[in-house]
Amino acid sequence: MSSPIFTLNNGVKIPAIGLGTWQSKPEEVTAAVEYAIKDAGYRHIDCAWYAPSIFQIVLGQIDLLSRAYGNEQAVGEGIRRSGVPREEIFVTSKLWGTYHSKVEQALDESLSRLGLDYLDLYLIHWPIHLNPNGNDPVFPKRPDGTRDILVDWPLSKTWEQMEAVLAKGKVKAIGVSNFSQKKLEEILPTAKVVPAVDQLELHLYNPQHELVSYLKSKDIVPQAYSPLGSTGSPLLSDETASALAQKYELNTADVLLGYLVAKGIVALPKSVTTARIMANYKGAIAAAQKLTEEDIKVLDGVAPGGRQGRNCTITDVWIEGRSGQCTDCFCGLDGFCNRSKAEDPPIAHYR
């Protein structure tokens, strides 16, 4: 059983179902990637230069209890152990915020850790440039404890460098992650290459209908991280998805994933459990084939019907910005977060 294939705006083919590798221990990632490719049939692996593990808020400050500097080395080992030829596997990684002024250096570091000669897709992880000369190589802070962001850095400069590594053949496609329409419009007017994808938190309760419609109007493929609602898969209890699962003799997770794929959205479920890795892959394919246009319409109405909410699972991090919303803060995403209140500081969704 093969994943559906989408075509990016530069003609590159991308499997519609990929394995997410965020928030896992290195040894778990290696085993999960090997199994996903060799046994379950996946041909799309998503990783990142930086993949955080556990955070704790202490009086609005970050207390890092555990820090994993990316999972690329573990992913690369899993790819090699799978025995599947490199050219048959679609590999994505991401540019971290402290590297916006040195994209090629970051890419070369990622390729070295992965043990690869090229990436199939390279994304700007977040639409902000963290101070590369700050007091921390990953999360630099100002003296007052706020995130050390170079607010005057134009994203168009980062994108120019992304286009340069594409031209050199080090990557086959370039895109963005966690970009709102507003952030995309900071790079599109001068872009020589339109981003191929925008990877976002997309799921039944956070479908971002308007943003997805905008992306499609620009021929940008949406990708969904946390398609089951992140850690603990909180969306599995949704009554509407569960009813459709029962109707088609599927699992609720199948419907949640197939719903996205049927809408032309790449789904990136994360698991390190072999049974779940296999079930997510086969179930998403089956559900995407069975769900009707009417089913999709019903599912599209779940969030607007009162279920709208984001499900960031790593402890939320307070930063400066507009009160109670994500727009113009660290993540740059549109809309309100279900974990914030009007009187609270805005929160960023680290992943």
Seminar exercise, completed: Heavy-atom nearest pair, His125 first then Ala48, reads CE1-CB, 3.8 Å
Exercise. Any side-chain heavy atom of Leu123 sitting closer than 4.5 Å to one from Thr92?
Worked result: yes
Seminar exercise, completed: Checking Ile89, Asn71, Thr21 against Val33 for side chain to side chain contact (heavy atoms under 4.5 Å, CB included), the one that qualifies is Thr21
Problem set entry | Crowding at CD, Glu239 (>12 non-hydrogen neighbours, <6.0 Å) | no
Exercise. Mind checking whether Leu244 and Leu299 have side chains closer than 4.5 Å, heavy atoms only?
Worked result: yes
Problem set entry | Cationic N near anionic O, under 4.0 Å, Asp254 to Lys290 | no
For this session: Not counting sequence neighbours, which residues clear side chain to side chain donor-acceptor pair (under 3.5 Å) with Lys168? List them please.
Result: Glu104
Exercise. Does a donor on one side chain sit under 3.5 Å from an acceptor on the other, for Thr252 and Ser242?
Worked result: yes
Exercise. Would Asp117 and Arg86 pass as an ion pair if we require N to O under 4.0 Å?
Worked result: no
Exercise. Is there a donor-acceptor pair under 3.5 Å between the side chain of Ser3 and the backbone N or O of Ala16?
Worked result: yes
Seminar exercise, completed: Residues passing the salt bridge (charged side-chain N to carboxylate O under 4.0 Å, His left out) test with Asp108, sequence neighbours excluded, are Lys170
For this session: Output yes when a side-chain donor or acceptor of Asp295 lies under 3.5 Å from a complementary backbone atom of Thr292, and no otherwise.
Result: yes
Exercise. Tell me, do Asn280 and Leu228 make a side-chain contact under 4.5 Å, heavy atoms counted?
Worked result: yes
Exercise. Do the side chain of Gln73 and the main chain of Arg113 share a donor and acceptor less than 3.5 angstrom apart?
Worked result: no
What side-chain donor-acceptor pairs closer than 3.5 Å can you find for residues 74-82, not counting sequence neighbours?
unit_1, atom_1, unit_2, atom_2, d
Glu77, OE1, Arg80, NH2, 3.4
Glu77, OE2, Arg81, NE, 3.0
Arg80, NH1, Gly76, O, 3.4
Arg80, NH1, Leu114, O, 2.9
Ser82, OG, Ile79, O, 2.6
Ser82, OG, Val84, N, 3.2

Problem set entry | Inter- and intrachain pairs under ring-ring contact (aromatic ring centres under 6.0 Å, His included), touching residues 243-264, at least two apart | none
For this session: May I have the step-by-step check of salt bridge (Lys or Arg N to Asp or Glu O under 4.0 Å) for Glu185 and Lys182, ending in yes or no?
Result: CA-CA 5 Å; Glu185 289 174 350; Lys182 178 179 179 180; over 6 Å; no
Exercise. Which atom names give the shortest non-hydrogen contact between Ala253 and Arg276, and what distance separates them?
Worked result: CB-NH1, 4.0 Å
For this session: Kindly say whether Ala31 contributes a backbone atom to a donor-acceptor pair with the side chain of Glu34 at under 3.5 angstrom?
Result: no
Exercise. Is it the case that Lys102 places NZ or CZ above or below the six-membered ring of Tyr99, under 6.0 angstrom from the centre and within 45 degrees of the axis?
Worked result: yes
Exercise. In terms of the angle between their ring planes, are Trp96 and Phe139 parallel, tilted or perpendicular, with boundaries placed at 30° and 60°?
Worked result: perpendicular
For this session: Would you verify whether the NZ or CZ of Lys157 falls within 45 degrees of the ring axis of Trp159 while also being under 6.0 Å from that six-membered ring's centre?
Result: no
Exercise. Any sub-3.5 Å donor-acceptor pair from Thr98's side-chain atoms to Leu130's backbone N or O?
Worked result: no
Problem set entry | Check: Gly229 main-chain N/O paired with Ser233 side-chain donor or acceptor under 3.5 Å | no
For this session: Flag the pair Asp46 and Lys94 as a salt bridge only when some basic side-chain nitrogen lies within less than 4.0 angstrom of an acidic carboxylate oxygen.
Result: yes
Exercise. Any side-chain heavy-atom pair from Leu111 and Tyr122 closer than 4.5 angstrom?
Worked result: no
Exercise. Is the backbone of Pro195 close enough, under 3.5 Å, to the side chain of Asn9 for a donor and an acceptor to pair up by distance?
Worked result: yes
Exercise. Any donor-acceptor pair under 3.5 Å linking the side chain of His209 with the backbone of Asp300?
Worked result: yes
Exercise. Can you tell me if CD on Glu27 sees more than 12 non-hydrogen neighbours from other groups inside 6.0 Å?
Worked result: yes
Exercise. Is a donor on one side and an acceptor on the other found under 3.5 Å between the side chain of Asn178 and the backbone of Trp126?
Worked result: no
For this session: List the atom of Pro140, the atom of Arg147, and the distance in Å for their closest heavy-atom pair.
Result: O-NH1, 3.0 Å
Problem set entry | Check: Glu72/Ser93 side-chain N/O donor and acceptor closer than 3.5 Å | yes
Problem set entry | Shortest non-hydrogen separation from Ser226 to Glu201 and the atoms involved | CB-CG, 4.3 Å
For this session: Please check if any side-chain donor atom of Trp153 sits under 3.5 Å from a side-chain acceptor atom of Ser101, or the reverse.
Result: no
For this session: For Ala284 and Ile17, work out which heavy atoms get closest and say how close.
Result: CB-CD1, 3.6 Å
Exercise. Under the side chain to side chain donor-acceptor pair (under 3.5 Å) test, which residues partner Tyr35, sequence neighbours left out?
Worked result: none
Seminar exercise, completed: Heavy-atom nearest pair, Pro222 first then Leu215, reads CB-CD1, 4.0 Å
For this session: Using the ring-ring contact (aromatic ring centres under 6.0 Å, His included) rule, collect all pairs that involve residues 274-296, keeping only residues at least two apart or in two chains.
Result: Tyr42-Tyr281
